[in-house]
2 protein chains.
Amino acid sequence: MERALVESVRSFNRAVTERVGALNDHFLGREHSLGEARLLWEIGVAGAEVRELRNRLALDSAYVSRLLRALERRGLVMVETSADDRRVRCARLTSAGLAERAELDRRADAFAESILEPLSTGQQARLAAAMAEVERLLMASTVRIAITDPSSADAQWCLEQYIQELNERFDAGWDPAQSISAYPHEMTPPAGLFLVASLRQQPVGCGALKFHGDAPSDAAAELKRMWVSPQVRSLGLGRRLLTELERHAREAGVTVLRLETNRALVEAIALYRRSGYQEVAAFNDEPYAHHWFEKRL
Amino acid sequence: MERALVESVRSFNRAVTERVGALNDHFLGREHSLGEARLLWEIGVAGAEVRELRNRLALDSAYVSRLLRALERRGLVMVETSADDRRVRCARLTSAGLAERAELDRRADAFAESILEPLSTGQQARLAAAMAEVERLLMASTVRIAITDPSSADAQWCLEQYIQELNERFDAGWDPAQSISAYPHEMTPPAGLFLVASLRQQPVGCGALKFHGDAPSDAAAELKRMWVSPQVRSLGLGRRLLTELERHAREAGVTVLRLETNRALVEAIALYRRSGYQEVAAFNDEPYAHHWFEKRL
DNA sequence: CAAATTATCTGACTATAGTCAGATAATAAT
DNA sequence: ATTATTATCTGACTATAGTCAGATAATTTG
């Protein structure tokens, strides 16, 4: 890794954690602790289930319970048992709690304004743009890709999104039953594999390999079920998934990767071409395909 | 303040403090606490006086003392009394401490690399550029400008830098004695005023007003001693100083601001022109001046 | 229906990150 | 030579941010 890049990240960290962190504490540090403030914020105007709060803030059950008691004592929160499952408890802000949350919101605004205020209009715009860029790329860098069981909940969710999207985008809709199969067992080792990309435990993309098991002499494999959530598009995730799939294929001894695709999927087609896939004659009878590609690994 | 700008700062804060903060803790927060790690880092390879450490980290004397005892017990630090003042104690890393510090350094590098690693080369470069931009603009926004006594240490330091720079840049050097005066009393209310710009308690620029005290009917004032440290140039600080000086002048009832300048100071001249100053005929006999400017407030 | 699981709570405990009030020793000021 | 100041340390204390081991009640599973 190039030294200058590493240095710029480290320098950024120092500068931002100091400046932003210090000011943040100064503005938000009201009469309640950070834990209480975070909880107050997370409960939100609509209220939330306690287990949901625990999950979102990744806090211990005992700790959340105690924080809620403290907020209750101060009249900011009411906790009541849920109607449909009486084990579950729901936290809800009182009007005092809502006022307190609004105050936190105002302070966060004031904090942001205190950063922008000394700058000229042009500098403010440049700062906002650079911040958005850092945020986007930090998001891209946070995405993790892992081999996943295609019948797991995350994988299934991705596949549902995939089906729905193709159905919307293809001229005549899309019926997986008419298409060449990609059943879970075909995308599970040793028959194939399934990758899920996740952003903070949330699935945001997938891609699969289907090895050609019948004839071991034929070292071609098929690329299937490439999908990237709209939420993270143009972050280079498609490229990363493709690179990962190719790496796994290579490790499995595959020398040729193939795929077919529909003309509606223009970004995908562009990605394949950019990544060295050559358009070839139809090598199967997929009814929804308009283009067939191949790459020698 | 425009809503979208405020939102982008808030969103950036959330994203960066969560991602960077969490990862940072994960990488750096190993067998010693954050306090110990910060102290270990701050002592540095050359060692440092305990009072200096207290100052730099803004920590309580009792707390630093205890942290040092903890580091001593673990064989990472040696504290000994200073030779010239036996009240002062100097902390110095043992070889184990140096190794530990090197390990922290490696971890900080690994952390930076873990952010860069998932990105493509192009994305890495864009991230580094955006981070540098955020850092620069955050630095600009951290600069504070305040009316300061021109005989204070900070003001004197700025004036020394100013003198030195003009002496270097003017063809024939610069001797303040030959030039129109700007004595401390002339830049102190009510005769005038002196602004110092500071970045984290360090002076980084200055500028002064000299009101025309003799005839109250004449509401013209002179702009003097504009200087910006090379360390913070091209951050728009000159413009900010100028704007602040004009604001103070306006509040003092000044309707015309005047200044003279040397042809060597091209950035300053450009700034004056951009800011609405018109070149006028010489209104004094300043021997070092080539241009005279005036602005009606 | 019994057993397992889930959601929450309480009590007991820990580490971190401090603060505050002196005490002590060295040095500076008068 | 006092007196004041400075640099550091120790003891006693606090708040925050938790963790861990059950206990209890409601719900789900076999």
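Numbered from 1 within each chain, the chains take letters A, B, ... in sequence-line order. Note that the coordinates shown come from a computational prediction; the quantities given were computed from them, not determined experimentally.
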Spacing of B:Leu68 atom CG relative to D:dA7 atom C1', expressed in whole Å: 13 Å

Working for salt bridge (Lys or Arg N to Asp or Glu O under 4.0 Å), residues A:Arg66 and A:Asp60: CA-CA 10 Å; A:Arg66 250 178 283 277; A:Asp60 179 88; over 6 Å; no

Sugar-phosphate only, base, or nothing, as touched by B:Leu67 at under 4.0 Å among non-hydrogen atoms: nothing

Rounded distance in Å - CD (A:Glu80) to P (D:dA25): 21 Å

Atom pair distance, as rounded to whole Å: CZ in A:Arg69 and P in C:dG11: 12 Å

Side chain of B:Ala62 - closest among C:dC20, D:dG18, D:dC9: C:dC20

Euclidean distance, atom CG of residue A:Leu34 to atom C1' of C:dT16 [Å, nearest integer]: 14 Å

Earlier contact from the 5' end, DNA chain C, for A:Asp60 and A:Val88: A:Val88

Residues that B:Arg74 engages under salt bridge (Lys or Arg N to Asp or Glu O under 4.0 Å), provided they are two or more places apart: B:Glu36

B:Ser82 side chain to B:Glu49 side chain, donor-acceptor N/O pair below 3.5 angstrom: no

SG on A:Cys206 to NZ on A:Lys224, rounded to 0.5 Å: 12.5 Å

Contact nearer the 5' end of DNA chain D, comparing A:Asp85 with A:Arg38: A:Arg38

Phosphate OP1/OP2 of C:dA15: any B:Ser33 side-chain N/O under 4.0 Å: no

Separation of atom CD in A:Glu36 from atom C1' in D:dA15, rounded to whole Å: 11 Å

Length of the CG-C1' vector between A:Leu71 and C:dT8, whole Å: 16 Å

DNA chain D: 5'-proximal contact among A:Asp84 and A:Ser61 (nearest heavy atom): A:Ser61

Proximal nucleotide (of C:dG18, D:dG18, D:dA26) relative to the A:Arg86 side chain: D:dA26

Those residues of residues 39-53 of chain A lying under 4.0 Å from DNA chain C by at least one heavy atom: A:Val50, A:Arg51

Out of C:dT8, C:dA26, C:dT5, whichever nucleotide has its closest atom nearest the side chain of A:Arg87: C:dT5

Length of the line joining A:Arg73:CZ and C:dC9:C1', which is rounded to integer Å: 14 Å

Donor-acceptor pair between A:Glu165 and A:Trp227 side chains, under 3.5 angstrom: yes

Donor-acceptor pair, side chain of A:Arg56 and main chain of A:Glu42, under 3.5 angstrom: yes

Among D:dT10, D:dT27, C:dC9, the nucleotide that comes nearest once only the side chain of A:Val79 is considered: C:dC9

Interatomic distance, A:Asn167 atom CG to A:Gln164 atom CD [nearest 0.5 angstrom]: 8.0 Å

Donor + acceptor pair across side chains of B:Glu135, A:Ser11 (<3.5 Å): yes

Distance below 4.0 Å between A:Arg54 side-chain N/O and C:dT8 OP1 or OP2: yes

Interatomic distance, A:Arg89 CZ vs D:dT24 P [rounded to whole Å]: 17 Å

OP1 or OP2 of C:dG18 under 4.0 Å from side-chain N/O of B:Arg66: no

